[in-house]
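Scope of the values below: all heavy atoms of this structure, side chains included, with no hydrogens, waters or symmetry mates. Just follow the structure's listing: the first ligand is 1, and inside any ligand the first atom is 1. Remember, it's a predicted structure, so these values are computed and weren't measured experimentally.
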Amino acid sequence: MMELKQIEKSFSAGEVSEQVLKGVTLTIESGKLTALTGVSGSGKSTLLSIAAGLQSTTSGSVLFDGRDLTSLDQEELRALRAGSFGFVFQSSHLVPFLTAAEQLELMLKTSGRKLSKKAAAAEISRVLTRVGMEHRRNAYPDTMSGGEKQRIAIARALIHQPKIVFADEPTASLDSKRSHDIMKLLKDITTDTGTAVLMVTHDEEMLGYADRVVEMRDGLIG
Ligand SMILES: Nc1ncnc2c1ncn2[C@@H]1O[C@H](COP(=O)(O)OP(=O)(O)O)[C@@H](O)[C@H]1O
Ligand SMILES: [Mg+2]
């Protein structure tokens, strides 16, 4: 699905340069949940954002769908992310003035996936049902619990049928029960749809849901 090859990343501030990734090679497989774990500052989020085409590399390649993301320009990357990737973060980042269904509708439009109005409505209902939120389709974010918001964020990440979902600490702001519910959902999605999930977590309790656990240590994979 995706191959990261010898990824290096350095940040420089003035004369000081810090090498955060020191040559990471990783394959992300379709239909599998890959968990990236490791202590804070070990480079997990940096690696995820490079895989997702949100950040440039210092060297190395990110192969996806026959292309190397590191050789694409900003517009090509934007189109690729919008069409093929889904994103879930610690905070749900919902648009405050849109209902649950409207959040998904907006994302569907952005993705460039062409559907008739009727097909789009059916697809939105299907995905809302999938995350257990169809009964809340007309709800606004400020009336939702943290767990409900995260379900909508997951639905929004899935609405355009992405090949890979990138999730950075998706359960970090949830209590234990809701965290397990969200993890179960992410895991089931990989099995049902063949979507790959690359998830960052430092919560050991959540690693049981992963098909593969990759530990980052000092910018390298252990
Ligand atoms: N934009 C940036 N500029 C400078 N340093 C950064 C930047 N992003 C991350 N870092 C540094 O890279 C290291 C790894 O960060 P990060 O990937 O966020 O780690 P993790 O997600 O594992 O906590 C940290 O030391 C952090 O300070
Ligand atoms: Mg992080």
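- For atom 18 (O) of ligand 1, the closest heavy atom belonging to the protein is Ser45 CB, 3.7 Å.
- The protein non-hydrogen atom at the shortest distance from atom 19 (O) of ligand 1 is Gly43 N, 3.3 Å.
- Close contacts between ligand 1 and Ser40 involve ligand atoms 23 (O) [criterion: under 4.0 Å to a heavy atom].
- Evaluated by nearest non-hydrogen atom to atom 15 (O) of ligand 1, the leading choice among Thr46, Leu47, Leu48, Ile50 is Thr46.
- For atom 13 (C) of ligand 1, a protein heavy-atom neighbour is found at a distance under 4.0 Å.
- Nearest protein heavy-atom neighbour of atom 20 (P) of ligand 1: Gly41 N, 3.5 Å.
- Against a heavy-atom cut-off of under 4.0 Å, Val39 is close to the following atoms of ligand 1: 22 (O).
- Here the closest heavy-atom approach between residue Glu148 and residue Thr143 is recorded as OE1-O, 4.2 Å.
- Judged by distance alone, the side chains of Thr70 and Asp68 do bring a donor and an acceptor atom under 3.5 Å apart.
- Within the 6.0 Å centre-distance limit, the rings of Phe166 and Phe85 are counted as a close aromatic pair.
- Ring geometry for Phe89 against Phe87 counts as parallel: the plane angle stays under 30°, on a 0 to 90° scale with 60° as the upper cut.
- Residues Leu186 and Leu94 fall within the same hydrophobic cluster, defined by Ile, Leu, Val, Met, Phe, Trp and Tyr side chains chained together at heavy-atom separations under 4.5 Å.
- The Mg ion (ligand 2) has Ser45 among its coordinating residues (N/O/S atom, backbone or side chain, under 2.8 Å).
- Two residues are said to be in side-chain contact when any heavy atoms from C-beta on lie closer than 4.5 Å; Glu134 and Ser125 meet this criterion.
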For the pair Arg217 and Glu215, evaluate salt bridge (charged side-chain N to carboxylate O under 4.0 Å, His left out) and give the outcome as yes or no after the intermediate values.
CA-CA 6 Å; Arg217 204 172 289 173; Glu215 185 171 357; 3.3 Å; yes
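- If you look at Glu18 next to ligand 1, the close heavy atoms, those under 4.0 Å, all belong to the side chain.
- The N/O atoms of Val20, backbone and side chain alike, include none that comes under 3.5 Å of an N/O atom in ligand 1.
- Between Gly38 and ligand 1 there is no heavy-atom distance shorter than 4.0 Å.
- For atom 22 (O) of ligand 1, the nearest protein heavy atom lies under 4.0 Å away.
- Checking each of Thr190, Thr191, Thr195 against Thr193 for a side chain to side chain donor-acceptor pair (under 3.5 Å) leaves exactly one that passes, namely Thr195.
- At a cut-off of 3.5 Å, with distance as the only test, no side-chain donor of Asn138 or Thr99 sits close to an acceptor on the other residue.
- Where the criterion is an N or O separation shorter than 3.5 Å, residue side chain and backbone included, Phe11 fails it with respect to ligand 1.
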